[in-house]
Amino acid sequence: MKSVDYRKIITEICRVILGATFLFSGTVKAIDPVGGGIKIEDYFGAFGLTAFNPVATLIAVNLSAVEFMLGLCILMAVYRKLTTICILAFMSFMTLLTLYLAIFNPVHDCGCFGDAFIITNWQTFFKNFLILLPASIVTFIHHKRMTPVYTYKAYWFAVLFAYIFPVWFSYYNYNHLPIEDFRPYKIGANIPELMSFPEDAQQDEYQYIYEKNGEKKAFAPETAPAGDSTWRYVEAKLVKPGYVPPITSFEIYNRMGDNIAEEILSAENGIFLLISAKIEKASDKKIDEINNIYDYAQEHNIAFYCVTSSTEEDAKTWINNTGAEYPFLTADDVTLKTIIRANPGLVLMKSGTILKKWHYNDIPSEDEANAVIDRLLNSPDKETGKENSPWIWIIGCFTLPLLLVWIYDYLRNRRKSKSEEDK
């Protein structure tokens, strides 16, 4: 009776864990390359490397591609030794980096899984130290026990394709909106509801520290000796954070400095917000389409504003260059980048609900705009969030080449084996 190779079983399990994690991490980063660039800028700011900010998005794209490539290569056991060496080196570096982040907290969220799955720095470190690093060590030591999917002659294609595909996928999401929106301002979201606190929401829990005769003692709020002069109040410590709404702040100001967010969120006829975090860096490729939407809004008594964090001078430059007639508002650039990953991007809202968002490349033409906007405004319950998801054809673009190469590789190898048997 043949004995069970437990080391192979463990190695294959580690291979699947690493492959799935790296593929997931690379994919969610590729879905939102702009967000990845913002996170890289956070790292540059924390480590005094802001001079590299102009290439932050490029680095984010390549990081997602490398992670995706390593994940696919280890799942398919392509170049087993080299792949496991790279993964071990990657995880060794990331474990040390996340330990530093956990201790000193220069960046509150490591961004390992983009906005799709946010975990604390300590959780990230333990995930790396207790799961991914040991798994990378096991696969490195026992890499020969991993069963390849392809023969050696097809390895080059698997590696090249595993890098090119996520780069193309990032490029697609960069030039349109992310095909999955992991942020709170997604289509169908009602901003006032996302800012509200449920009646049964968990409140912050504190301990109050008091001192008496040189001895400090912690008290719950209901037992704190606030009226006892023999105790001296020292500090309050947050024991357990309470409920935090998905949107904590939504403030938009007019040129007079008045916050008109409530007016915007209560617009029952609908409202267009042309959002540009930095208007001086905004693309002017679709100015005609934007101006057509503004004309439509004027004709149908729908408010239209451009919201930016840039200065009034920058706004005037945009007006002079584009002939814009719409009024300008100001808001925090982080909020604007969170609302939409485009510069500029167009948002249609009604009574605080986001009905539609357009990247500037996808703003409807004059011929299409009337029908699209009328349908969104008049039948929001039926149309909001109803999108033709490109996931099916994107998955097809990913799996079909790999499958065809596998079939060709399998048949070629079979013919070769049969030819050798005939000899």
Side-chain angles (χ1 to χ4, degrees), residues 21-22 24-64 67 90-133 178 180-186 189 191 194-197 201-207 235-251 277-278 309 331-341:
T21 302
F22 273 69
F24 178 73
S25 180
T27 300
V28 295
K29 288 185 177 73
I31 286 174
D32 187 10
V34 174
I38 293 172
K39 180 55 62 177
I40 295 294
E41 289 181 2
D42 290 343
Y43 277 98
F44 286 159
F47 294 102
L49 301 172
T50 52
F52 294 98
N53 280 354
V55 295
T57 301
L58 181 62
I59 293 174
V61 169
N62 280 277
L63 177 61
S64 69
E67 286 188 87
F90 185 90
M91 287 313 309
S92 298
F93 172 77
M94 291 305 298
T95 302
L96 292 174
L97 175 61
T98 53
L99 176 60
Y100 176 86
L101 295 178
I103 294 173
F104 298 103
N105 203 35
V107 177
H108 298 301
D109 166 30
C110 74
C112 300
F113 301 122
D115 290 317
F117 187 53
I118 298 175
I119 56 179
T120 67
N121 287 334
W122 277 114
Q123 289 172 334
T124 303
F125 167 72
F126 287 125
K127 177 259 297 180
N128 292 341
F129 182 70
L130 298 178
I131 301 175
L132 299 184
L133 182 59
E180 288 292 336
D181 195 344
F182 300 115
R183 290 152 293 131
Y185 297 95
K186 61 185 66 177
I191 295 175
L194 293 176
M195 295 177 66
S196 64
F197 285 81
Q202 176 69 42
Q203 302 296 318
D204 290 342
E205 293 184 13
Y206 287 91
Q207 276 188 346
E235 63 178 336
K237 287 186 177 180
L238 180 63
V239 177
K240 184 179 180 181
Y243 173 80
V244 178
I247 299 176
T248 57
S249 176
F250 185 80
E251 298 179 354
K278 299 293 182 183
S309 66
D332 177 67
D333 67 325
V334 174
T335 299
L336 299 180
K337 291 176 182 177
T338 305
I339 293 173
I340 193 166
R341 301 298 203 206

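Excluded from the calculations below are hydrogen atoms, water molecules and symmetry mates; all remaining heavy atoms, backbone and side chain alike, are included.
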Legend entry - S64 and E67 side chains, donor-acceptor separation under 3.5 Å: no
So, [X] side chain and [Y] main chain: donor-acceptor pair closer than 3.5 Å or not?
X    : Y    : answer
N121 : L99  : no
Y100 : P106 : no
K29  : C112 : yes
D32  : V28  : no
S25  : F113 : no

Inset, instruction - Please name all residues satisfying salt bridge (Lys or Arg N to Asp or Glu O under 4.0 Å) with D115, sequence neighbours left out, ordered by chain then number. - result: R341
Rounded distance (nearest 0.5 Å) linking atom [atom1] of [X] with atom [atom2] of [Y]:
X    : Y    : atom1 : atom2 : result
L101 : W122 : CG    : CH2   : 10.5 Å
N128 : T98  : CG    : OG1   : 4.5 Å
I118 : D109 : CD1   : CG    : 5.0 Å
I38  : T57  : CD1   : OG1   : 7.5 Å

Would one find more than 12 heavy atoms of other residues, nucleotides or ligands at under 6.0 Å from atom [atom1] of [X]?
X    : atom1 : answer
F47  : CZ    : yes
F129 : CZ    : no
F93  : CZ    : no

Inset, instruction - Classify the ring geometry between F44 and F52 as parallel (under 30°), tilted (30 to 60°) or perpendicular (over 60°). - result: tilted
Legend entry - Residues in side-chain hydrogen bond (donor to acceptor under 3.5 Å, both in side chains) contact with T27, at least two apart in sequence or another chain: none
Legend entry - Centroid-centroid under 6.0 Å between F90 and F22 rings: yes
